[in-house]
J.: 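Attaching a single structure in structure tokens format; questions to follow.
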Amino acid sequence: MIGAVRGVLLRGFELIERPFDRLFGPSLNPLAQLGALGFFFFWIVAVSGIYLFIFFDTGIERAYESVEHLTYAYWFHAGVMRSLHRYASDLMVVMVAAHLLREFAYDHYRGVRWFSWLTGLPIIWLLYACGITGYWLVWDKLARYVAITTSELLDYLPIFGEPIARNFISGGTLTSRFFTLMVFMHVAVPLFLLFIMWVHIIRISRPRVNPPRMLAALSLIALVGVSMWKPALSQGHVDLATAPVEIGLDWFYLPLYPLTDLWGKGAVWAFLGTFSIMIGLMPWLPPLRRARAAAVDLAHCNGCARCVDDCPYEAIRMVRRSDGLPFPTEAAVNPALCVSCGICVGACPSSTPFRRTHDLKTGIDLPDYSLADLRERTIAAAQALPGPTRVLVFACEHGGGAAYPGRVPLPCVAMAPPSLIDYVLSKKLADGVVVAGCAERACFNRLGIVLTEQRFAQQRDPYLRTRVPRDRVTTVWTSILEFGRFKKEFGRFAAKIAAFPPVQATPSPPPKKLLEIAARREPDLVENRDGPL
Ligand code: HEM
Ligand code: SF4
Ligand code: SF4
């Protein structure tokens, strides 16, 4: 059931993201930058909030007038700041909702990712606490409505000894003590929110907390434009004598307030409780079946720390050497953080398939899919390729190439060390190599595509050696739903390779042992021997 919902959502996101890709390019696609945009909007809210505080009178008697004054007398700076403050806050809600749905759609919330998911829950609560206390401060008709409804909602819970509504809203007015408390909360809660936002990403290596400059500039220009066009205004001074007849609501922050009258307070709390419990349980519904964590083989680890640099999940640390070899440090994996993506295997300088030993060893390896297995599968898949043009596909299991029958499957494209491609071409195992991963904007393992591109461009160790003929290697970045596009790109590349002189005229028949290996793990690999796509 959850899988079906995820599938529908994924299709929905793809439908929106692909045109954005064409319009902005994958790196500027706002849907691929939702977390970073969340941080960006937070900073806009923070800076504009500090600016507004210069003009704001924190006493209940003068609060409304001070907001009106800054809105009209200083509209060109403080007024614009007020609008920026409100609209950037609204955009944070939009961003959080879209980010939550997208992480869910791309299955980025189970396994070790439970941590980021679960710390997202307090972010939602804190964000709403910020918004609600903010509306309170204007002390207009909407503020009164928010104050009364919030107090009544809180009074429903058996937390406070005495009802807050009666205590603080005596005789129809809010005591200035309570108003001051709200002012304090509107400063303290965002600070706490920022702290939780930091906690949210501590298990992620190199998190994108800043959107690309162009995207940031475009978002800011759009926000300023809307702020000038439709400035944020108050809704009239609180008239304590009469109940407000009609008030405009901010539907981003206050959608549940009208429901309090409609459903009753109990139902609203039940809804919020069920939502929070659901979100809290989701990473384990159902739990992800995890492969065993990467393991370090000290005899082959020289302590270079490349695996630490490349691991996207902060799962490896360098620790003091424990085996007496003449290196100061060694790599140590924290199994609780490892998703078995194999990126560290691709990063390790010891991962070279050229070693003659049958029992190929490296500094860090996946117990369930070792470098030795990968080399064997590569040879088997190459031997099974039909001629005359033999194109070998290394495909990440999360991308468009995952459905290609003759592929060498990978948990992430960056698991394949560049030397493996060198090995395939220099040993003349194939005429061309396709490295196929997820769509560029949505790498399942966050950094797999970037690291692969950098290694191929010789910007990062271990890099693809100069002797590897570049025109015989290509990368295809397509989503799991784009097998058609993968086939097209594969076909185009295969046609190009067909025009080159073959590196080996007649492919030798596959040795029986290698075919057995291929058949054991991936029956399709063998079945597809007879024909291309
Ligand atoms: C102000 C609100 C939020 C901000 C600013 C924010 C920001 C971020 C950032 C910057 C990342 C790292 C993205 C990357 O570099 O790949 C991230 C990851 C993540 N966020 Fe949020 N987030 C927010 C709210 C939430 C919420 C409400 C949820 C869900 C309940 C959530 C779930 C996740 C998950 C599961 C990841 C991990 C993705 C992965 O491991 O690839 N976030 N967030
Ligand atoms: S397999 Fe992936 S998550 Fe695990 S240690 Fe290696 S790079 Fe990190
Ligand atoms: S990349 Fe390999 S050699 Fe370098 S620290 Fe990691 S395991 Fe050791």
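Order of appearance sets the numbers: ligands from 1, and atoms from 1 within every ligand.
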J.: If you measure every N or O of W117 against every N or O of ligand 1, does any of those distances drop under 3.5 Å?
T.: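 Min N/O separation from ligand 1 is not below 3.5 Å for W117.
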
J.: Between R375 and D373, does any side-chain N to carboxylate O distance fall below 4.0 Å?
T.: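 No, this pair does not count.
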
J.: Could you tell me whether some N/O pair between R206 and ligand 1 is separated by less than 3.5 angstrom?
T.: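 So ligand 1 has no N or O lying under 3.5 Å from an N or O of R206.
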
J.: Does the N or O separation between H99 and ligand 1 drop below 3.5 Å for any pair?
T.: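 Yes, H99 has an N/O under 3.5 Å of an N/O on ligand 1.
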
J.: Which ligand 3 atoms are under 4.0 Å away from a heavy-atom of C304?
T.: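 Heavy-atom distances to C304 below 4.0 Å select 1 (S), 3 (S), 4 (Fe), 5 (S).
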
J.: Counting non-hydrogen protein atoms only, what is the nearest one to atom 8 (Fe) of ligand 3? Give residue, atom name and distance.
T.: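 Nearest neighbour among protein heavy atoms for atom 8 (Fe) of ligand 3, to 0.1 Å: C301 SG, 2.4 Å.
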
J.: Please state whether S340 comes within less than 4.0 angstrom of ligand 2, counting heavy atoms only.
T.: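 S340 counts as a contact of ligand 2 under the 4.0 Å cut-off.
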
J.: Indicate yes or no: does R320 engage E330 in a salt bridge with an N to O separation below 4.0 Å.
T.: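 Salt bridge between R320 and E330, a charged N being under 4.0 Å from a carboxylate O: no.
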
J.: How far is atom 3 (S) of ligand 2 from its nearest protein heavy atom, and which residue and atom name does that atom have?
T.: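 Ranked first by proximity to atom 3 (S) of ligand 2 is V339 N, 3.4 Å.
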
J.: For Y313, take its heavy atoms, then give the atoms of ligand 2 lying under 4.0 Å from any of them.
T.: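 In order of number, 3 (S).
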
J.: Will you find, in the side chains of R113 and Y313, an N or O donor that is under 3.5 Å from an N or O acceptor?
T.: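 Side chains of R113 and Y313: pair found under 3.5 Å.
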
J.: Does a donor on one side chain and an acceptor on the other come within less than 3.5 Å for T150 and Y257?
T.: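 Distance-only check passes for T150 and Y257.
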
J.: Please list, in number order, the atoms of ligand 1 under 4.0 Å from a heavy atom of I124.
T.: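 So the answer, numbered in order with elements, is 27 (C).
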
J.: What residue and heavy atom of the protein are closest to atom 10 (C) of ligand 1, and at what distance?
T.: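 Checked against all protein heavy atoms, atom 10 (C) of ligand 1 sits closest to R208 O, 3.2 Å.
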
J.: Is the shortest distance from a Lys or Arg side-chain nitrogen in R460 or D310 to a carboxylate oxygen in the other one below 4.0 Å?
T.: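 Yes, this pair counts.
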
J.: Can you confirm whether the side chains of S27 and Q33 place a donor and an acceptor under 3.5 Å from each other?
T.: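 No, no side-chain donor-acceptor contact under 3.5 Å.
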
J.: Would you call R203 a ligand 1 contact, heavy-atom distance under 4.0 Å?
T.: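 Under 4.0 Å: no for R203.
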
J.: Would you mind listing which atoms of ligand 1 come within a distance below 4.0 Å of any non-hydrogen atom of H108?
T.: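 This gives 35 (C), 41 (O) as the contact atoms.
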
J.: Looking only at protein heavy atoms, which one is nearest to atom 2 (Fe) of ligand 2, and what is the separation?
T.: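 Protein heavy atom at minimum distance: C341 SG, 2.2 Å.
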
J.: How about L153 and K265: do any of their side-chain heavy atoms sit closer than 4.5 Å?
T.: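 Sidechains of K265 and L153: in contact.
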
J.: Would you call R18 and E482 a salt bridge, taking side-chain N to carboxylate O under 4.0 Å as the test?
T.: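 Answer for the salt bridge query: yes.
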
J.: Between Y463 and F456, is the ring centre distance below 6.0 Å?
T.: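 No, ring centres 6.0 Å or more apart.
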
J.: I need the nearest protein heavy-atom contact for atom 12 (C) of ligand 1: residue, atom name and distance, please.
T.: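 Answer for atom 12 (C) of ligand 1: I204 CD1, 3.8 Å.
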
J.: Show me which atoms of ligand 1 lie under 4.0 Å from any heavy atom of M92.
T.: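 Close to M92: 1 (C).
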
J.: Check the pair Y51, H85 against ring pair (Phe, Tyr, Trp, His ring centres under 6.0 Å), reporting the backbone distance first and the verdict last.
T.: CA-CA 10 Å; Y51 197 83; H85 194 69; over 10 Å; no

J.: If the cut-off is 4.0 Å to any non-hydrogen atom of A305, which atoms of ligand 3 fall inside it?
T.: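 Once the distances to A305 are compared, the set is 4 (Fe), 5 (S).
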
J.: Hey, which atoms in ligand 1 end up nearer than 4.0 Å to a heavy atom of V96?
T.: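 That gives atoms 1 (C), 2 (C), 27 (C) of ligand 1.
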
J.: With distance as the sole criterion, is a donor-acceptor pair present between the side chains of Y253 and D90 under 3.5 Å?
T.: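 There is no such pair (donor and acceptor under 3.5 Å, judged by atom type) between the side chains of Y253 and D90.
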
J.: Pick one: which of V433, I379, L392, V435 meets side chain to side chain contact (heavy atoms under 4.5 Å, CB included) with V408?
T.: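 Single pass found, and it is L392.
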
J.: Which residue supplies the protein heavy atom nearest to atom 39 (C) of ligand 1, what is that atom called, and how far is it?
T.: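 In this structure, atom 39 (C) of ligand 1 has R113 NE, 3.3 Å as its nearest protein heavy atom.
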
J.: Looking at G342, which atoms of ligand 2 are within less than 4.0 Å of one of its heavy atoms?
T.: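 Listed by number with element: 1 (S), 2 (Fe).
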
J.: Quick check: does S116 get an N/O under 3.5 Å from an N/O on ligand 1?
T.: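 It does not: no N or O of S116 is found under 3.5 Å from an N or O of ligand 1.
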
J.: Side chains of T362 and S351: donor-acceptor distance under 3.5 Å anywhere?
T.: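 The answer is yes; a qualifying pair exists.
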
J.: How far is atom 7 (C) of ligand 1 from its nearest protein heavy atom, and which residue and atom is that?
T.: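 Going atom by atom, the protein heavy atom closest to atom 7 (C) of ligand 1 ends up being G35 CA, 3.5 Å.
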
J.: Going by atom types only, do R6 and Y109 share a side-chain donor-acceptor pair under 3.5 Å?
T.: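 Note: R6 and Y109 side chains meet the donor-acceptor criterion.
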
J.: Considering only the protein, which heavy-atom contact is closest to atom 26 (C) of ligand 1, and what is its distance?
T.: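 Residue, atom and distance for the closest contact: G120 CA, 3.6 Å.
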
J.: Do you know the tightest heavy-atom contact between A88 and L223?
T.: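 Closest heavy-atom pair between A88 and L223: N-CD2, 4.0 Å.
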
J.: Which option wins on minimum heavy-atom distance to atom 2 (C) of ligand 1: L127, V93, I123, L121?
T.: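 Nearest option to atom 2 (C) of ligand 1, by heavy atoms: I123.
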
J.: Assess N302 for proximity to ligand 3: is some non-hydrogen atom of it under 4.0 Å away?
T.: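 Yes, N302 has a heavy atom closer than 4.0 Å to ligand 3.
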
J.: What are the atoms of ligand 2, with element, lying closer than 4.0 Å to any heavy atom of I316?
T.: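 What qualifies from ligand 2 is 5 (S).
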
J.: Where on I201 is there a heavy atom closer than 4.0 Å to ligand 1, on the side chain, on the backbone, on both, or on neither?
T.: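 Under 4.0 Å from ligand 1, I201 contributes side-chain atoms alone.
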
J.: What's the shortest distance from atom 6 (Fe) of ligand 3 to any protein heavy atom, and which residue and atom give it?
T.: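 Here the nearest protein heavy atom works out to C307 SG, 2.2 Å.
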
J.: Pull out every atom of ligand 1 sitting under 4.0 Å from any heavy atom of P207, numbered as shown with elements.
T.: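 Heavy-atom distances to P207 below 4.0 Å select 15 (O).
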
J.: Any idea which protein heavy atom is nearest atom 38 (C) of ligand 1, and the distance to it?
T.: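 The closest one turns out to be E103 OE1, 3.3 Å.
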
J.: Tell me which protein heavy atom sits closest to atom 32 (C) of ligand 1, plus the residue, atom name and distance to 0.1 Å.
T.: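 The closest heavy atom on the protein side is H200 CE1, 3.5 Å.
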
J.: If we set the cut-off at 4.0 Å for heavy atoms, which region of C344 has an atom near ligand 3: side chain, backbone, both, or neither?
T.: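 No part of C344 comes within reach of ligand 3.
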
J.: Examine R22 relative to F20 and say whether NZ or CZ is less than 6.0 Å from the centre of the six-membered ring and inside a 45° cone about the ring axis.
T.: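 Not flagged: R22 not positioned over aromatic ring of F20.
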
J.: Tell me: protein heavy atom nearest atom 4 (C) of ligand 1, and distance?
T.: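 Checked against all protein heavy atoms, atom 4 (C) of ligand 1 sits closest to M95 CE, 4.0 Å.
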
J.: Would you call E397 and R407 a salt bridge, using N to O less than 4.0 angstrom?
T.: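 Here E397 pairs with R407 in a salt bridge, since their nearest N and O are under 4.0 Å apart.
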
J.: Do other residues, nucleotides or ligands put more than 12 heavy atoms under 6.0 Å from the CH2 atom of W284?
T.: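 It does: W284 CH2 has more than 12 such atoms within range.
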
J.: Looking at atom 4 (Fe) of ligand 2, what's its closest protein heavy atom, distance included?
T.: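 The protein heavy atom lying closest is C338 SG, 2.3 Å.
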
J.: Will you find, in the side chains of S350 and H300, an N or O donor that is under 3.5 Å from an N or O acceptor?
T.: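 Side-chain D/A pair, S350 to H300: absent.
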
